[in-house]
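This structure is a prediction, so every number in the text was calculated from the model and none was measured.
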Amino acid sequence: MEAPHVSVIMAVYNGGPHLEPAVRSILSQDLQALELIAVDDGSSDGSRDVLTAMAGADERLRPVFAEHAGLIATLNRAIDEARAPIIARLDHDDVAAPSRLTKQLGVLNARPRTVAVGCNLQRIDAAGEPVSRARPQRARPRAHDPVNYPPSLTFLPGPTLCARADVLRQAGRFREAFVAAEDRDLCWRLGERGDLVRLDEALVAHRVHGENMSVRRRDRQIISHVLSDFSAIARHFGRDDAAILAAVDLSDLTLAPIEAYITLLSDVYAARSYWLSVADKQGAHALAGYATPAAMKTARLKAFGARALRARGSTPM
């Protein structure tokens with residue numbers, strides 16, 4: 001088999017009827033010099049049989065069967081297995097357009113400073129029918145600045161990632177503390193090493209169904225989103241956040257890590273105001289501990305005003 005130009009990683013857990021179309025969309029790419037590393041995370045349905053059968057028909061598919069360890073560990077196992085200089089990701093229920101890898105690899109080849117390329121998503125339902133239109137975004141780097149308010153990041157949706165393998169590994173791969181926003185945390189760390197580019201084409205069809213987002217997972221995603229931003233801000237200012245991350249409890253939705261970051265960053269960033277602005281935007285006043293959206297909005301404005309006064313060396317009346 002020809003040495004792969006791109007290793008595509010796929011974390012598989014009970015992929016059901018969507019697994020075969022996802023795998024086939026990679027094996028049918030315009031770019032033929034690839035390998036697909038599908039790590040099965042202890043599936044209890046027929047996913048292993050599907051992978052075994054498809055690997056028998058195409059040697060570019062390399063299934064790895066493991067005990068259940070969760071998404072982050074499974075993705076990192078796939079990165080460890082990858083052999084190509086470029087690593088791309090696809091989820092087990094999504095579908096890649098035939099030209100996806102060719103176009104993303106073309107950007108990486110043409111732009112030496114670019115370390116990762118993503119693209120837009122076309123959301124589809126369980127039957128594969130479009131449910132929304134992709135949001136346009138220019139195919140150019142955006143200022144990578146965690147200390148903007150709000151922080152400025154070129155976000156690459158997880159299933160669309162295509163990155164230089166050496167930079168991905170140097171950045172530390174995916175981190176467990178940020179599950180549900182692991183792609184955002186990774187983008188921050190990749191962007192510290194080079195440019196990120198998001199193509200305006202929808203080259204990945206992202207399947208939206210009942211298993212994608214429970215209310216609990218939505219709340220976890222909101223918390224992890226803010227934690228990833230706070231971690232990037234802490235790195236920018238040379239603040240040690242190791243103890244905060246070590247205390248993150250994925251089984252609980254406690255806000256203790258957010259409060260710890262607010263304390264850590266209190267003299268350099270309007271952290272409380274930013275946290276409340278994200279919660280406000282997501283309609284998550286209850287998660288943030290407020291009885292109504294209006295009460296949370298008032299608290300956010302008060303927190304931002306107090307931070308601005310301190311920055312000017314003043315104190316509130």
Side-chain angles (χ1 to χ4, degrees), residues 3-11 22 25-26 29-31 33-39 60 62 64 71-92 94 96-97 99-121 137-144 146 152-176 178-204 206 224 228 231-232 235:
H5 296 171
V6 178
S7 295
V8 180
I9 62 172
M10 181 181 292
S25 76
I26 295 300
Q29 288 287 299
D30 295 344
L31 177 73
L34 60 82
E35 63 176 359
L36 171 56
I37 301 165
V39 179
R60 295 175 302 163
R62 294 174 52 207
V64 177
L71 175 64
I72 305 302
T74 302
L75 288 172
N76 287 338
R77 170 72 183 274
I79 291 171
D80 290 342
E81 296 281 347
R83 299 178 297 177
I86 304 297
I87 294 177
R89 176 183 168 187
L90 187 72
D91 288 348
H92 72 195
D94 293 341
S99 60
R100 175 198 164 181
L101 295 179
T102 298
K103 291 180 177 179
Q104 290 182 308
L105 187 59
V107 174
L108 290 171
N109 288 338
R111 304 186 185 190
R113 283 184 49 82
T114 296
V115 298
V117 181
C119 63
N120 276 347
L121 293 169
Q137 182 161 333
R138 287 188 177 183
R140 62 176 176 81
R142 179 182 171 193
H144 179 93
S152 177
L153 171 68
T154 298
F155 175 63
L156 311 181
T160 77
L161 179 71
C162 185
R164 300 190 191 277
D166 57 347
V167 178
L168 179 58
R169 292 183 175 114
Q170 290 163 12
R173 307 180 302 170
F174 294 98
R175 297 198 291 177
E176 195 75 46
F178 302 97
V179 68
E182 73 282 345
D183 44 2
R184 185 174 184 88
D185 171 60
L186 179 61
C187 285
W188 276 122
R189 290 177 287 117
L190 290 173
E192 292 162 7
R193 291 161 172 80
D195 292 336
L196 307 182
V197 172
R198 180 165 165 176
L199 301 176
D200 61 1
E201 292 182 79
L203 298 174
V204 172
H206 177 59
S224 295
S228 71
S231 185
R235 286 194 302 277

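- Contact detail for S231 and F178: the closest heavy-atom pair is CB-CZ, 3.9 Å.
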Discussion item. Test side chain to side chain contact (heavy atoms under 4.5 Å, CB included) on V115 and L196; report intermediate values, then the result.
Written reply: CA-CA 6 Å; V115 298; L196 307 182; 3.8 Å; yes
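- Shortest non-hydrogen contact noted between L186 and L161 is CD2-CD2, 3.8 Å.
- One finds the NE2 atom of H144 at 4.5 Å from the CD atom of E192 (value rounded to the nearest 0.5 Å).
- Atoms CG and NE2, from L90 and H206 in turn, are 10.5 Å apart once rounded to the nearest 0.5 Å.
- Judged as a salt bridge (charged side-chain N to carboxylate O under 4.0 Å, His left out), the pairs with a partner in residues 165-175 (not counting sequence neighbours) are, in order, D80-R173, R175-D185.
- Applying the side-chain contact (heavy atoms from CB on, under 4.5 Å) criterion to A73, with sequence neighbours excluded, gives A69.
- Remark: R164 pairs with no residue by the salt bridge (charged side-chain N to carboxylate O under 4.0 Å, His left out) rule, at least two apart or across chains.
- Across all their heavy atoms, P159 and V204 have their closest contact at O-CG2, 4.0 Å.
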Item to complete: Just do the side chain to side chain contact (heavy atoms under 4.5 Å, CB included) check on V107 and Q104 with the steps written out, would you?
Response: CA-CA 5 Å; V107 174; Q104 290 182 308; 5.9 Å; no
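- Considering all non-hydrogen atoms of both residues, E35 and A84 come closest at OE2-N, 4.0 Å.
- Between S224 and V179, the shortest heavy-atom distance links the atoms OG-O, 2.9 Å.
- Atom CG of D195 and atom CZ of R111 lie 8.5 Å apart (nearest 0.5 Å).
- Within the model, atoms SG of C119 and CG of L121 stand 6.5 Å from one another, a figure rounded to the nearest 0.5 Å.
- In this structure, the separation between OG on S99 and CD on E201 is 6.0 Å, given to the nearest 0.5 Å.
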Worksheet item: Should C162 and I86 be marked as a side chain to side chain contact (heavy atoms under 4.5 Å, CB included) after you check the CA-CA gap, both sets of side-chain angles, and the distance that decides it?
Response: CA-CA 7 Å; C162 185; I86 304 297; 3.5 Å; yes
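- Residues passing the side-chain hydrogen bond (donor to acceptor under 3.5 Å, both in side chains) test with D183: none are found, sequence neighbours excluded.
- Between the T160 side chain and the G118 main chain, no donor and acceptor come within less than 3.5 Å of each other.
- At a threshold of 4.5 Å between non-hydrogen side-chain atoms, the residues F174 and L71 do not count as touching.
- N120 places a side-chain heavy atom less than 4.5 Å from the side chain of R198.
- Smallest separation of non-hydrogen atoms from I37 and A78: CD1-O, 3.9 Å.
- To the nearest 0.5 angstrom, I9 atom CD1 is 11.0 Å from I26 atom CD1.
- Counting heavy atoms from C-beta on, the side chains of T154 and V197 never come closer than 4.5 Å.
- By the salt bridge (charged side-chain N to carboxylate O under 4.0 Å, His left out) test, E81 pairs with R62, R77, sequence neighbours left out.
- Shown here are the salt bridge (charged side-chain N to carboxylate O under 4.0 Å, His left out) partners of R89, two or more places apart in sequence or in another chain: D91, E182.
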Item to complete: Run the numbers on R193 and L190 for side chain to side chain contact (heavy atoms under 4.5 Å, CB included), then give the verdict.
Response: CA-CA 5 Å; R193 291 161 172 80; L190 290 173; 5.5 Å; no
